[in-house]
Amino acid sequence: MIRQEPIAQSPAPRGAVSAERTLLIVDDDAPFRQRLAQAMERRGYAVTTAETVAGGIEAAGSLRPAFAVVDLRLGDGNGLEVVPALRAARPDARIIVLTGYGNIASAVAAVKQGAVDFLSKPADADAIETALLQRGPSLPPPPEQPMTADRVRWEHIQRVFEQCDRNVSETARRLRMHRRTLQRILSKYAPRG
């Protein structure tokens, strides 16, 4: 059963807020959502929040926000389902996807859906606003410590696992590895680096 939270409209800050400063935050972590909403209101955004995919899609269609911050994993589904609705409502919307479970496959999927950036939690309001306002094709500086071979292998396995709809048997078959070996790899945390 899909649980839909009513969309809570936050009060506008003092003075008029332009339609170009509208922001939708879709996150099921209530304390984080409220803190981020307050921080962004202090920066001059008119903030609307939702905690479900259904609430995010509804808000996208009715509000047509200029900016959006969407959590990848929500209680009723995948936050990436909200991104096309935001793009359809407003093609020039700047959308950031947040997740506590960051991996390369998720980041690629977010960008393919129409997000302009993908940030790992915990992300603060400064980092989120910087990502929302970043324009142009500027590349980030090269990493001080690039990923290790173990990390690259782990990311590849995670990507194939997601592409196989998290089916361990199918993922093991495609990677040509034993199912138990794959289960051990999936149960471990990502290697550092």
Side-chain angles (χ1 to χ4, degrees), residues 5 7-53 55-56 59-60 63-75 78-87 89-147 151 155 189-190 192-193:
E5 171 89 2
I7 300 166
Q9 179 77 33
S10 302
R14 278 180 264 167
V17 176
S18 119
E20 297 307 308
R21 300 288 282 183
T22 54
L23 170 66
L24 173 63
I25 299 172
V26 184
D27 198 309
D28 59 356
D29 179 354
F32 174 79
R33 184 178 66 241
Q34 291 164 355
R35 281 193 311 270
L36 180 59
Q38 291 170 349
M40 298 309 279
E41 283 175 341
R42 285 192 296 271
R43 288 169 169 77
Y45 293 87
V47 178
T48 301
T49 64
E51 80 168 80
T52 63
V53 171
L63 300 171
R64 301 181 59 238
F67 301 98
V69 178
V70 181
D71 190 16
L72 183 65
R73 293 194 183 177
L74 299 168
N78 189 325
L80 291 182
E81 295 174 41
V82 179
V83 177
L86 287 160
R87 277 275 163 250
R90 186 167 180 159
D92 66 334
R94 307 275 303 161
I95 306 162
I96 304 298
V97 173
L98 294 179
T99 186
Y101 310 94
N103 64 44
I104 292 172
S106 298
V108 169
V111 171
K112 282 184 177 179
Q113 289 288 334
V116 296
D117 210 340
F118 183 88
L119 301 175
S120 294
K121 283 183 175 179
D124 64 10
D126 292 332
I128 291 171
E129 184 175 40
T130 298
L132 286 171
L133 298 176
Q134 172 101 22
R135 298 283 182 183
S138 64
L139 292 174
E144 290 292 323
Q145 297 179 347
M147 285 195 292
R151 176 66 187 217
E155 292 282 353
Y189 291 107
R192 295 187 185 252

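When reading the values below, keep in mind they use all heavy atoms of this one structure, side chains included, and skip hydrogens, waters and symmetry mates.
- Here L72 contributes atom CG and L119 contributes atom CG; the two are 12.0 Å apart, rounded to the nearest 0.5 Å.
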Walk me through it: do V69 and L132 pass the test side chain to side chain contact (heavy atoms under 4.5 Å, CB included)? CA-CA 9 Å; V69 178; L132 286 171; 4.2 Å; yes
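- Atom CG of residue D71 and atom CD1 of residue I96 lie 13.5 Å apart, to the nearest 0.5 angstrom.
- When atom types are taken as modelled, the side chain of D117 and the backbone of A131 share no donor-acceptor pair closer than 3.5 angstrom.
- A pairwise comparison of heavy atoms in R33 and T49 identifies CD-CB, 3.7 Å as the closest pair.
- Qualifying side-chain contact (heavy atoms from CB on, under 4.5 Å) partners for P31, counting only residues two or more places apart in sequence or in other chains: D29, R35.
- Side-chain contact check for L36 versus I128: some heavy-atom pair is nearer than 4.5 Å.
- Take A39 and apply the side-chain contact (heavy atoms from CB on, under 4.5 Å) test, not counting sequence neighbours, and it matches R42, R43, A125.
- At a threshold of 4.0 Å, the pair R90-D92 counts as salt-bridged, since one of the basic side-chain nitrogens sits closer than that to a carboxylate oxygen.
- Geometrically, R94 does not engage F67 in a cation-pi contact defined by less than 6.0 Å to the ring centre and at most 45° from the axis.
- Note: T22 OG1 to R64 CZ = 9.0 Å, rounded to the nearest 0.5 Å.
- Contact of the L80 side chain with the V97 side chain is registered, since non-hydrogen atoms from C-beta on lie closer than 4.5 Å.
- Pairing each heavy atom of L86 with each of A60, the nearest pair is CD2-CB, 3.5 Å.
- The nearest pair of heavy atoms linking A59 to L24 is CB-CD1, 3.7 Å.
- In this structure, T52 and V26 approach most closely via the heavy-atom pair O-CG1, 3.6 Å.
- Closest of all the heavy-atom pairs between A93 and P65 is CB-O, 3.6 Å.
- Side-chain atoms of L23 and V47, non-hydrogen and from C-beta on, do get closer than 4.5 Å to each other.
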